[in-house]
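What follows is one structure encoded as structure tokens, with my remarks underneath.
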There are 2 protein chains.
Amino acid sequence: MSTIRDVARAAGVSVASASRALNGHSNVTPAMRERVQRAAQELRYVPHSGARSLTRRKTDTIGVILPDLFGEFFSELVRGIDLIAHRSGLHLLLSNMRGSAYETASAVQAMRGRIDGLLFMPPNANIEELKTCLDGVTPTVLLNYQDPALNLPCVTIDNYAGAYAMTRHLVEQGYQKIVHICGPAHNFDARERLRGFRDALREHAGQRNPMILPGDFTEEGGKHAADMLVSGKTGFDAVFAANDVMAVGCIAELEARGLRVPHDAAVSGFDDIPLARHITPQLTTMQVHIDRLGSTAMLLLLRMLGGEELDASQSNVSVPSLIVRGSTGRRDAAKAPGIIG
Amino acid sequence: MSTIRDVARAAGVSVASASRALNGHSNVTPAMRERVQRAAQELRYVPHSGARSLTRRKTDTIGVILPDLFGEFFSELVRGIDLIAHRSGLHLLLSNMRGSAYETASAVQAMRGRIDGLLFMPPNANIEELKTCLDGVTPTVLLNYQDPALNLPCVTIDNYAGAYAMTRHLVEQGYQKIVHICGPAHNFDARERLRGFRDALREHAGQRNPMILPGDFTEEGGKHAADMLVSGKTGFDAVFAANDVMAVGCIAELEARGLRVPHDAAVSGFDDIPLARHITPQLTTMQVHIDRLGSTAMLLLLRMLGGEELDASQSNVSVPSLIVRGSTGRRDAAKAPGIIG
DNA sequence: ATCGTGGCTGAAACCCGTTACATCGCAGGC
DNA sequence: GCCTGCGATGTAACGGGTTTCAGCCACGAT
């Protein structure tokens, strides 16, 4: 592998001139530039980005730390980020932390000297340790997490408003015994969605003690919840799952148990994953533009890289929109078999 | 940001000793190590990976260059890669090339000095330019592409065998007018699948001029093909789409046009995306373990990083397995309405 | 007492670029 | 003809680590 010194030697000039010629500085004669470029080409010289970033104090790389690299959420998020990053000639350094706080801290630290900025989606675990390793070292934008203690801009989804809107939709459709399958207890999104569900049900249906089933955001979890519902003695006529994946599992299990959706019970989800449109009945859900989440975060980060000082007040909250499909078809009083259970 | 010199000064030792103490070299007294570690902790010292990789000639980073960062294929592939990479403490530097050959070349070059090895999935465009920039500079494993001219190990899917097996399955089920919706003409996978289809049909059904419809691997493409089929005058009783996404589009369109699958016509796909199990009828398809593709490639690359000299002869071909589901349900002679068209 | 040995330690070179600063030559102004 | 100023070029420092090599010291052996 040839270095810039090799190029300089081959061209019979100093390394400084070689560097200037190759980087398009103006104070270089055309003849000199020509000579250097020719030498570089012949030696197949490619600058060593690592060395370059050492002096430039710029790596042209953005770190992306996520809880896991899995599924639709991940791919859409990265797509959104890359769309903007690529446009600015930035690379993406990916890291996951497998949920562990220790891994998270080391992942953040391992980024030092590799990146110019960080997009960080914290795990649901305790955030305390993060504060120490995130203290203004590198420009950072948080994804899907908000913490007043960390005065960082963040890009989030308004889970509360989304769950509220969905619950209200179900109430307005005439459903009376609406059950919520929630996500993991420590999950930020899950908690907010549960809160939205609770508030909407209290404010629009006057219910104070709705039925809540535990869930884990997996298809199996949705099936399990449906199982409990059908076997249980509590009646229900609608299920609002905290995400689409569980809703899909729930529908599958309900139908396996002989119930028809939405005829016997409505089911709705959250996220609008591609699958939502493809199952039968099509799933009513809250549409979240995950790619936009990534793009927005990246745009904020670009501003920070440009020197702007952004803080939590610049945070961006995107409100998901209600997509009504077949799975919550208007409850027809004539055909409805009444509340199950 | 404190450097190792700051740490050395604080501990009252030389940088060399500080470096040795922090990197766990054996020739350091416990007292010295203690002093240095304490100083590092107090100064919140984190080594600068960029600088470190300059001397070590090792970046602990793997470059991953893909045609695009999109969809299930991408996320599964990255998951498989990360699974192995993470285990070895390697980071992932992601790059896409948007199909352009120029971008590809510059993406590969931009990796110089940033990575220890490369996982590369070439675009379908001409490979010629790549040879020059891939010439043994860095250990490389090719994904899903094989080229005798590039003597590199590659990890591929046996598209030919998969398509052959699927076609044979359809023939054995009794279907007689089997149509293939193929992928983009320049796509390597698509061409191989088409070839497998052709050969199987010739060898097992004696057909030499099967009906081939153009496609583009998108849902819309599948719908369009179904549209042509239904409107066209050529009869068909089974459709083998070159990927699941098109198969899904095809089924949707067929049903929209009043045909039932598999009653009126069978439909099968290729890839076994998660959606395949969720649509009605469930899709018969060839299961491809995309995550394993990534893991296998990463394992090969690890061996190369370990000093082994691998070449094309070490390539790994994974044969997809046939997953029979409802969409190609055995053609029941009694109920079948005969060939449509 | 002397010499050799071995283990720690520190100074300095090195990795590969970029850039501040010094130098040089040349043209123009007086 | 001499000085000034400017633009092109070269030298060397620098960025932040790692590593080689030499020096130092204490210890054991002769």
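Note that the structure is predicted; figures quoted are calculated from it, not measured. Residue numbers begin at 1 in each chain, while the letters A, B, ... track the order of the sequences.
Residue contacts for R57(B): at a heavy-atom cut-off of 4.0 Å it reaches the sugar-phosphate backbone alone, with no base atom in range. Contact annotation for S19(A): base contact, defined as any heavy-atom pair under 4.0 Å involving a base atom. Looking at heavy-atom distances under 4.0 Å, R33(B) makes no contact with the nucleic acid at all.
Taking the six-membered ring where tryptophan is involved, the planes of F74(A) and F74(B) are essentially parallel, since the angle between them stays under 30° and well short of 60°.
Interatomic distance, CE of M1(B) versus OH of Y45(B), reported as 9.0 Å (0.5 Å rounding).
In this structure, the CZ atom of R35(B) is 15 Å from the P atom of dC8(C), given to the nearest Å. Distance, R5(B) CZ to dA11(C) P: 12 Å, rounded to whole Å. In this entry the distance linking NE2 of H25(B) with C1' of dG10(C) reads 15 Å, nearest Å. In this entry the distance linking CZ of R20(A) with C1' of dC21(C) reads 11 Å, nearest Å. The distance from atom CG of N27(B) to atom C1' of dG10(C) is 12 Å, rounded to the nearest whole Å. If you take NE2 of H48(B) and P of dG17(C), they are 16 Å apart, rounded to a whole angstrom. Distance, I4(B) CD1 to dA11(C) C1': 15 Å, rounded to whole Å. If you take CG of L54(B) and P of dA13(C), they are 17 Å apart, rounded to a whole angstrom.
For the residue pair N316(B) and R292(B), no side-chain donor N or O sits within less than 3.5 Å of a side-chain acceptor on the partner. Remark: the T138(A) side chain and the R112(A) side chain contain no N/O donor-acceptor pair separated by less than 3.5 Å. Residues N96(A) and R79(B) bring no donor and acceptor atom of their side chains to less than 3.5 Å of each other. In summary, the side chains of E76(B) and H289(B) do not present any donor paired with an acceptor at a separation below 3.5 Å, with no hydrogens or angles considered.
Comparing dA20(C), dG10(C), dC14(C) by their closest approach to the side chain of V13(B) singles out dG10(C).
Under 4.0 angstrom from either OP1 or OP2 of dC8(C) there lies no side-chain N or O belonging to T29(B). Between N23(A) and dT18(C) there is a side-chain polar atom (N or O) within less than 4.0 angstrom of OP1 or OP2. Taking only side-chain nitrogens and oxygens, Y45(A) comes nearer than 4.0 Å to OP1 or OP2 of dG17(C).
Listed by first then second residue, pairs satisfying side-chain hydrogen bond (donor to acceptor under 3.5 Å, both in side chains) with a partner in residues 149-158 of chain A number zero, not counting sequence neighbours.
Of all nucleotides in DNA chain D having an atom under 4.0 Å from a heavy atom of chain B, the first and last in 5' to 3' order are dG16(D) to dT20(D).
Checked for salt-bridge contact, D189(A) and R191(A) miss the test: no charged N lies under 4.0 Å from a carboxylate O.
Each of V141(B), V155(B), I84(B), D291(B) was compared with T296(B) under the side-chain contact (heavy atoms from CB on, under 4.5 Å) criterion, and only V155(B) meets it.
For the helix from dA1(C)-dT30(D) to dC30(C)-dG1(D), the axis fitted to the five pairs at one end and the axis fitted to the five pairs at the other end meet at an angle of 60° (nearest 10 degrees).
Both M32(B) and A51(A) lie close to DNA chain C; mapped to their nearest nucleotides by heavy-atom distance, the more 5′-ward contact belongs to M32(B).
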Exercise. R38(B) and E34(B): salt bridge (Lys or Arg N to Asp or Glu O under 4.0 Å), yes or no, with the steps?
Worked result: CA-CA 6 Å; R38(B) 195 189 307 274; E34(B) 171 74 11; 2.5 Å; yes
